[in-house]
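Numbers here are sequence positions counted from 1.
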Amino acid sequence: MIPDNLSRVLESNDVPTSFEIDALQAGAAELKAQSRALRKQLRKVEARLNKHLGALSTIRRIPNEIIGEILAYALGTPTAMDKHGRAAVLNMGLVCRSWRIASLLTHELWGNVHIRTSEELSGSYENIKRWLGRSGALPKSLHLYYNAPQSGRDDHLLSPTTLRLLTDGPPLDHLSFGCEYRASLEEFLFHFQLNRQGAPHRPWDNLRSLDMTVTGDFDDIWWFDTEDASNSIFNYLPPITAFKLYFSDEDVLFHTGRWPGSLRLNIPPALLERLTSFDISCGWSGPHIPAMLQHCSNLEHLSVDLAYMKLDMEDEDIAEQPFPLDGILLPKLRTLQLRRHSEDVHILDHLIAPALTSLDIGLGGYQIAREEVETDGTEEDKHFVVDSVVSFIQKRSKCQANLRSLRLYDVDLADPEDLIKLMDAFPSLTHLTLDKVTLPPDDDFWSPLEERKYLTNLEHLEVLQVDFARSRHTIVDIFDMLAERGPLRCKVVMSFETDQVQVASAYWDYLSETKDCGIDFRIVPVDDHDDE
């Protein structure tokens with residue numbers, strides 16, 4: 001114990017004697033030992049306290065279904081899971097028992113499998129079957145894409161695992177695959193025709209949706225053009241209702257020098273008539289697309305990707321693949337997407353869609369304008385985008401009362417009158433997206449919309465990938481236009497080709513007043529997805 005007589009040095013600034021120094025050192029050592037013992041005891045008490053507080057934590061009361069939704073969001077569901085995604089799902093389930101239960105309850109984590117390497121297929125039938133089985137009654141999909149340039153065949157299509165999954169595996173809603181070799185595609189499709197055991201109850205026979213991509217230097221694209229349409233390879237497809245068909249560009253596939261316009265794809269009219277959704281990417285010259293669309297009487301969704309080619313058709317090609325020149329009626333079509341078109345959208349000159357509600361046009365940087373050109377000494381209007389769109393909507397389809405959504409991507413709006421013409425064709429517009437659109441001077445663009453009382457029903461406006469140098473005028477003019485039209489609420493989303501924090505901080509005071517005008521404004525990170 002510390003002697004009482006140490007109070008002399010403990011309560012003063014006097015110099016301790018040698019005896020007092022020894023006593024102070026002994027006392028300090030004893031106090032340190034007591035301090036360590038008390039700290040150890042305190043840590044134990046705090047650990048017990050934290051356990052008690054943890055047991056009372058609100059997060060423990062979060063339902064497993066909510067935890068599962070968080071896991072699904074973190075893992076990017078519903079994106080198809082490749083081996084890395086599947087490993088991430090399993091690792092999440094190893095964190096704790098609750099996370100494991102939550103992951104098993106979240107069926108969407110298990111319903112989409114993406115195979116990228118041949119090693120993933122080798123001997124993996126039971127693993128893939130078990131994985132898909134955990135998705136319960138949700139629709140299941142299988143994606144088969146990887147390159148095997150050295151093998152000379154598409155091993156992912158001809159793998160015993162793939163063929164068994166499509167013959168004996170769990171029910172599949174969707175199949176997506178790519179192929180580089182004609183012989184592999186032929187052998188794959190003939191397999192299900194020649195081996196009918198289990199039909200019509202095989203997963204292959206009950207597919208609802210199919211994505212097929214012909215990529216690379218396909219060895220003989222003319223193989224599709226059979227003398228007898230009944231021998232077409234497309235006759236061996238299951239009775240799908242959603243079809244995505246992608247072909248490589250014209251200069252890749254037609255290396256023989258033959259004119260692609262005379263090639264007939266020979267997709268059976270019965271297959272096309274069943275479709276409710278059709279995505280076609282075919283940047284070839286010729287009437288392939290209109291010739292197919294004439295049979296698509298039940299389509300509700302259509303996406304046409306021309307890979308920046310024109311819809312170039314010769315008379316002799318139309319004679320080989322005829323279609324109604326006065327217009328192709330698509331009576332049930334509601335959404336139409338035009339992807340990677342060049343300076344025109346002449347596909348619209350051949351369509352009639354009276355039930356259309358949404359139009360999405362991607363041009364690739366070309367002007368959306370009407371230009372006057374001289375032909376034989378006279379001036380005439382060159383048929384460009386605006387004329388095709390307006391004629392398609394107002395004259396042939398007469399769907400202006402139904403149209404609610406318009407999206408323009410990578411378009412040069414050189415003349416503000418062109419947007420005015422478009423707005424005349426969209427009197428009921430509620431959603432407008434201008435993505436990567438080059439606008440004329442702001443006073444010439446937004447002001448006419450305000451003056452002519454357009455967009456009176458607009459509820460959602462997106463102006464994306466805007467030049468930051470014009471950000472102030474763009475923001476102010478948009479708000480002035482919306483504020484002028486009245487109290488109808490509108491959600492405005494913008495992105496800029498620069499730091500969004502810089503934009504938000506520059507106009508924070510101004511933006512803070514927008515909610516008083518019924519405007520919900522957000523600045524989001526730029527995302528140039530190349531219109532995919």
Side-chain angles (χ1 to χ4, degrees), residues 68-93 102-148 154-180 184-185 188 202-204 206-216 237-238 240-246 277-279 281 301 303 305 337 339 527 529-532:
E69 291 296 322
I70 295 173
L71 297 181
Y73 178 81
L75 294 169
T77 303
T79 303
M81 296 286 185
D82 60 12
K83 66 176 182 179
H84 302 294
R86 296 194 296 274
V89 172
L90 296 177
N91 289 335
M92 290 284 194
S103 67
L104 292 174
L105 288 174
T106 309
H107 290 166
E108 56 262 37
L109 291 174
W110 311 92
N112 301 298
V113 173
H114 192 152
I115 304 297
R116 297 184 183 273
T117 65
S118 57
E119 291 78 12
E120 292 180 65
L121 281 172
S122 179
S124 59
Y125 170 78
E126 292 296 339
N127 290 335
I128 296 176
K129 178 181 178 182
R130 189 181 307 113
W131 185 280
L132 291 172
R134 290 170 179 162
S135 64
L138 289 183
K140 302 168 180 58
S141 66
L142 180 63
H143 303 256
L144 303 168
Y145 288 95
Y146 69 88
N147 297 322
D154 294 304
D155 294 325
H156 56 298
L157 294 182
L158 305 178
S159 164
T161 298
T162 298
L163 299 178
R164 188 179 176 190
L165 282 169
L166 293 171
T167 303
D168 303 321
L172 287 177
D173 179 76
H174 174 77
L175 174 66
S176 178
F177 66 84
C179 59
E180 295 187 28
S184 297
L185 178 59
F188 174 72
R202 301 172 301 182
W204 169 259
N206 292 280
L207 287 172
R208 182 197 60 83
S209 172
L210 177 67
D211 294 3
M212 190 173 98
T213 303
V214 177
T215 60
L237 296 181
I240 52 178
T241 58
F243 192 21
K244 293 184 179 181
L245 180 60
Y246 303 119
S277 177
F278 188 26
D279 291 51
S281 176
H301 163 83
S303 177
D305 184 342
Q337 298 174 336
R339 292 284 183 260
D527 177 22
H529 40 73
D530 197 25
D531 207 29
E532 294 180 352

Pair E126-R164, side-chain contact (heavy atoms from CB on, under 4.5 Å): steps then yes or no: CA-CA 10 Å; E126 292 296 339; R164 188 179 176 190; 4.0 Å; yes
Stepwise side-chain contact (heavy atoms from CB on, under 4.5 Å) check, M92 with L109: CA-CA 11 Å; M92 290 284 194; L109 291 174; over 6 Å; no
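- Every residue two or more places apart in sequence or in another chain that forms a salt bridge (charged side-chain N to carboxylate O under 4.0 Å, His left out) with D305 is listed here: R340.
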Before giving the answer on side-chain contact (heavy atoms from CB on, under 4.5 Å), spell out for V113 and K140 the whole-Å C-alpha distance, their side-chain angles and the decisive distance to 0.1 Å. CA-CA 8 Å; V113 173; K140 302 168 180 58; over 6 Å; no
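- Residues N206 and P238 are not in side-chain contact: their nearest non-hydrogen atoms beyond the backbone lie 4.5 Å or more apart.
- Residues Y145 and T215 are not in side-chain contact: their nearest non-hydrogen atoms beyond the backbone lie 4.5 Å or more apart.
- Formation of a donor-acceptor pair under 3.5 Å by the T162 side chain with backbone atoms of H156 is found in this model.
- Residues R134 and L104 have side chains in contact (heavy-atom distance under 4.5 Å, counting atoms from C-beta outward).
- Annotation: ring pair (Phe, Tyr, Trp, His ring centres under 6.0 Å) contacts of F188 (sequence neighbours excluded): F177, F192, W204.
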Checking side-chain contact (heavy atoms from CB on, under 4.5 Å) for the pair C179/V214: CA distance, chi angles, key distance, verdict? CA-CA 5 Å; C179 59; V214 177; 4.1 Å; yes
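- Pairing each heavy atom of L158 with each of L163, the nearest pair is O-CD1, 3.9 Å.
- At a threshold of 4.5 Å between non-hydrogen side-chain atoms, the residues I240 and L175 do not count as touching.
- In the model, H143 has no side-chain atom that pairs as donor or acceptor with a side-chain atom of D82 under 3.5 Å.
- Within the 4.5 Å cutoff, the side chain of T161 has no heavy atoms near those of the I115 side chain.
- Contact check for M81 versus L75: side-chain heavy atoms found under the 4.5 Å cut-off.
- L71 has its side chain out of reach of T106: every pair of non-hydrogen atoms, C-beta onward, lies at least 4.5 Å apart.
- Looking only at side-chain heavy atoms (C-beta outward), W110 and L138 stay at 4.5 Å or farther from each other.
- Across all non-hydrogen atoms, the minimal contact from A102 to G68 is CB-N, 3.8 Å.
- Taken from OG in S277 to CZ in R208, the straight-line distance is 8.0 Å, to the nearest 0.5 Å.
- Side chain of H174 to backbone of A242: no donor-acceptor contact under 3.5 angstrom is found.
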